[in-house]
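Let me begin by presenting the structure, written as structure tokens, before commenting on it.
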Amino acid sequence: MGIDLNKHHPRKGSRTAPKSEDPYLLLLVKLYRFLARRTDAKFNQVLLHQLFLSKTNRPPISISRIAKEAPRAEGKIIVTTGTVTDDVRFLEIPKLTVAALRFTRSAKERILNAGGEVLTLDQLALRAPTGANTIILRGKRNTREAVKHFGMGELDKTHDFGWLFIIIVQALTSTSGRMLPPKAGSSRELVVGERYMEQ
């Protein structure tokens, strides 16, 4: 069996450990690595993988988004590996049991004042080591401010006139939007002259 010299040491894209040096996060990884190895629950493997991700790929999730799942999550624990944030536009919060990596102060107060419960992920491991009666949620990744600046951006006036020129040319070259036949010897006659000859 030969060796591919060009890709002798291929690098895998998926992480096998977090790059963060947060001691609390590293202890959680150690805990859920043990649970993923010693239990057959897919829940622990999913949670372990999400703990490996970067902060960008662990987006925050608001209370209003969690509250939408309240009818489906009655009697269950809502789990997220991101940050649970407050939403001042959302006035009434139902009674929820939420386990997350981190809570903002106002979000934690509002959940507790509504009669809910706030859990850390290590407390979740003691209560539901196999992930029974849990729902995993994740925030939207593309709601960051930086995503708004990706891509081409707004078209300036030069580009606007360029698009207008393309639209006019397409209208003139289409059979339905024909306005005048092309002049003899023009470049437009070479492009669409056959259409006019057919008509």
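Just the heavy atoms: all of them, side chains too, but no hydrogens, waters or symmetry mates, feed the values below.
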Give, for atom [atom1] of [X] and atom [atom2] of [Y], the distance between the pair rounded to the nearest 0.5 Å.
X    : Y    : atom1 : atom2 : result
Y32  : L51  : OH    : CG    : 7.5 Å
N113 : R110 : CG    : CZ    : 9.0 Å
I135 : R72  : CD1   : CZ    : 4.5 Å
Q123 : I77  : CD    : CD1   : 10.5 Å
F103 : L112 : CZ    : CG    : 8.5 Å
K76  : T97  : NZ    : OG1   : 13.0 Å

Close side-chain approach of T16 to S14, heavy-atom, < 4.5 Å: no
Can you confirm whether S54 sits close enough to R15 that some side-chain heavy atom of one is under 4.5 Å from a side-chain heavy atom of the other? yes
Verify whether one side chain among S62 and S64 offers a donor that lies under 3.5 Å from an acceptor in the other. yes
Nearest heavy-atom neighbours spanning [X] and [Y]:
X    : Y    : result
P59  : G139 : CG-O, 3.2 Å
S20  : L25  : CB-CD2, 3.9 Å
P129 : N44  : O-ND2, 2.8 Å
T104 : T83  : CG2-CG2, 4.1 Å
I61  : L137 : CD1-CB, 3.9 Å
A107 : V84  : CB-O, 3.6 Å

Can you get from [X] to [Y] by hopping between Ile, Leu, Val, Met, Phe, Trp and Tyr side chains that sit under 4.5 Å apart?
X    : Y   : result
F52  : Y24 : yes
I136 : I66 : no
L47  : F34 : yes

Got a sec: does the CZ of R138 have more than 12 other heavy atoms crowding it under 6.0 Å? no
Residue pair L121, V79: steps toward the side chain to side chain contact (heavy atoms under 4.5 Å, CB included) verdict: CA-CA 8 Å; L121 293 182; V79 184; 4.2 Å; yes
L48 and V29: side chain to side chain contact (heavy atoms under 4.5 Å, CB included), yes or no, with the steps? CA-CA 6 Å; L48 178 65; V29 167; 4.1 Å; yes
